[in-house]
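What follows is one structure encoded as structure tokens, with my remarks underneath.
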Amino acid sequence: MLVQTSSVISSALVSSAIGYAVGLPVSKYFDSNIRMRLLIAPVIGLGIFGAAGVSVFHLLPLTPINLILIVVALSAVAIRLANGAIDPLLRSTTGPGLSWFAVSFLLCLLPAFAIIPQHYGESVGMGHPIWDHTKIAIVNEIAQNGLPPANPYYSEAGTSHTLIYYYVWHFIAACSSVVTGATGWEADISLTGLTALFSTFVVAWLAVALSRSAHAAWWVLPLLLAGSLKPIVRFVSGTWLDTWMAHEHGLQTWIIQAAWVPQHVFSGSLTVIAVLAFLQILYCNAGRSLVLPVFMGAMLASAYGSSMWAGGLSLLFILPIVGVLSVPHVLRAKRLLEVVISLLVTVAIAILCAGVLVYEHSAIMHTRKVVAFWVYPIFLWNKWFYDIPGFWLVLIFLEFGLIFVSFIIWSLSRPPDETIKHAHIDSAIFVSVLAPLFCTQFLHSVIMNNDLGWRVLIPSILLMTALTAALFSTQIGKSTLVGRLTTMTAVLLLAPSILAGAQFVYSTSFKFPVEGPETEGGKALKASPEMWKAVRQVTPSNEAVANNPLDLASMTPMPGNIAWAILSRRRSCGAPLGLLRAYAAQLTPKQASDAYIFFVDAFAGNATEEQLRVMKENYLCKTLVVTSRDGLWGKPVLDNSSVYKLVSEEKGKWRIYR
């Protein structure tokens with residue numbers, strides 16, 4: 001079998017245990033209701049553990065015993081520090097029941113299904129999100145070789161092999177792999193589902209707390225399933241939309257992001273918690289003991305370490321604005337010194353936990369440009385003065401129509417009296433929704449794709465969803481203006497939004513088992529575990545393998561060797577171009593293309609003895625894997641090579657050389 005269900009379940013139990021062991025004591029700062037604390041505890045706990053663990057395991061070997069000891073120690077510290085009377089941010093009087101927990105669990109299986117192998121006859125298919133889960137190679141690298149992770153996508157003699165990426169989420173997955181023995185793929189499936197579930201918990205907690213209605217939690221579930229309205233508009237109007245709208249990659253709703261990029265969703269969930277912790281420090285007396293600032297610093301480090309965009313850049317814009325808005329209150333309360341000290345502690349802990357990541361990431365500045373300014377292109381006629389209003393009136397409405405319109409209704413219905421209870425929370429939410437959206441409009445990343453634009457707005461999506469659920473649970477059916485607008489929004493936009501989300505779920509998780517077809521690539525993927533098992537028997541975990549970068553390229557939306565990424569549990573010395581561009585930070589775009597072309601050309605059958613020597617000595621490919629699908633198969637250059645010798649084979653299918 002490609003994956004074992006028992007390993008996925010055991011990995012989920014380990015990650016959940018870590019989250020609750022560390023996070024439950026700290027959740028006392030955010031809510032007094034135990035059921036509500038159960039919702040936010042795992043995100044808090046995994047956030048603290050992720051940042052602290054990455055720092056610690058740069059110094060200690062990553063073993064099951066060390067992991068258990070660190071988790072026990074962090075849990076004990078959390079219990080000790082959070083001991084005593086605490087004035088929580090919120091005092092909820094209600095919370096969702098057991099039936100809601102069961103249904104939310106079922107909903108959050110959907111993102112995990114997108115990366116589980118799907119069988120049809122003798123063939124295996126994969127949902128499109130598996131492409132972004134080629135980062136399973138990072139999980140395996142950390143689990144087998146510890147921290148800092150070497151780059152599993154590229155190797156070259158005489159260069160640094162450290163991976164330049166935000167890998168805290170993948171470290172957490174690797175920890176469950178180390179404890180349970182699960183493969184990186186199994187640990188990734190497990191943590192993808194858990195991340196979706198814990199993100200749902202955070203949204204439901206905020207929705208119920210804001211509305212004081214347990215029904216808000218039920219509204220969260222269909223709202224998270226909602227998709228973009230673009231497919232509905234195209235279905236109704238044909239090509240009309242594309243005749244005047246720029247052909248820019250669209251933004252993505254929660255259900256898509258949860259399947260494609262769970263690390264960014266985890267970071268976005270942590271960002272929401274971190275903003276609320278910031279409010280506790282600014283407006284309450286939680287900062288006096290300096291305990292919450294310590295926890296907040298760890299969460300900030302983990303948010304950044306899981307996503308440079310959702311938990312890095314978004315917080316860089318949100319927190320200063322929220323802090324400025326709090327200045328009148330801080331001065332009136334004569335707490336300026338206390339707040340400054342608390343924030344200094346927060347920054348110190350964040351730097352302590354994330355310093356090594358920041359140092360590793362800084363290496364990219366020497367060879368690559370990361371971010372550039374722009375005005376998000378909306379219309380084909382390319383006029384920025386049309387694109388600026390078009391971003392809000394057209395793009396955001398099409399992508400997030402249901403929750404964005406509800407956010408506008410909520411904003412306009414907010415009482416003007418800033419002395420009302422929790423007015424500071426409302427203001428912080430308002431800022432936390434808008435700041436990332438402005439960031440998407442005026443900044444974009446240029447390493448490969450516009451990851452910044454797609455991921456930085458995840459906190460906005462989570463908060464708008466919570467506000468929409470709170471609004472629906474309290475206003476639908478009321479005869480007031482707000483009630484009528486809310487009801488109209490639900491009637492007009494809820495059904496088409498859910499239909500679009502359901503279409504995405506079907507196309508990624510269920511279409512192949514229902515419709516097929518059987519493909520040669522699918523049959524080869526199903527049979528490839530035996531080949532990779534043989535590769536592991538002759539290749540140490542700290543060595544790289546050369547395998548055709550375009551093997552099984554038809555299995556993924558972008559051409560790449562998915563079998564290596566999810567099954568090999570070994571590094572690649574020449575990965576597909578998309579992965580080289582994204583993760584080989586020491587290479588310029590031209591150098592990445594040259595390396596990719598070198599390997600593609602060699603496996604097409606054009607390799608010479610000298611090229612094989614370059615492959616082994618320059619690119620450090622200690623093992624060479626050739627399949628019958630490669631042009632290199634059966635070429636005399638390998639039969640008579642002084643560089644590589646045949647060490648294992650399955651007749652007519654694959655050969656392994658060293």
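Values below: all heavy atoms of this structure, side chains included; hydrogens, waters and symmetry mates excluded. Note that the structure is predicted; figures quoted are calculated from it, not measured.
Between the side chains of Gln263 and Ser306, not a single donor N or O lies within less than 3.5 Å of an accepting N or O. Remark: the Lys135 side chain and the Tyr167 side chain contain no N/O donor-acceptor pair separated by less than 3.5 Å.
Not one N or O on the side chain of Ser445 forms a donor-acceptor pair closer than 3.5 Å with the backbone of Ile447. Proximity of a side-chain donor or acceptor of Asp387 to a complementary backbone N or O of Asn382 within less than 3.5 Å is not detected.
Across every non-hydrogen atom of Val220 and Thr465, the tightest pair is O-CG2, 4.5 Å.
Here the straight-line distance linking atom CG of Asn548 with atom CH2 of Trp564 works out to 13.0 Å at 0.5 Å rounding. Distance check: Met126 CE to Leu2 CG gives 8.0 Å after rounding to the nearest 0.5 Å.
Ring-plane geometry between Phe438 and Trp392 is classed as tilted, the angle between the planes lying from 30 to 60 degrees on a 0 to 90 degree scale. Ring-plane geometry between Phe101 and Phe201 is classed as perpendicular, the angle between the planes exceeding 60 degrees on a 0 to 90 degree scale with a lower cut at 30.
With salt bridges taken as basic N to acidic carboxylate O contacts below 4.0 Å, one links Arg234 and Asp242.
When Val139, Ile189, Thr192 are each tested for a side chain to side chain contact (heavy atoms under 4.5 Å, CB included) with His133, only one passes: Thr192. With Phe430 as reference, Leu434 is the one residue of Val433, Asp426, Leu434 to meet the side chain to side chain contact (heavy atoms under 4.5 Å, CB included) rule.
Taking the six-membered ring where the residue is Trp, the centroids of Phe266 and Phe198 are separated by 6.0 Å or more. The aromatic ring centroids of Trp410 and Phe472 lie 6.0 Å or more from each other. Taking the six-membered ring for Trp and the full ring otherwise, the centers of Phe278 and His424 sit at least 6.0 Å from each other.
The closest side-chain heavy-atom distance from Leu395 to Lys230 is below 4.5 Å.
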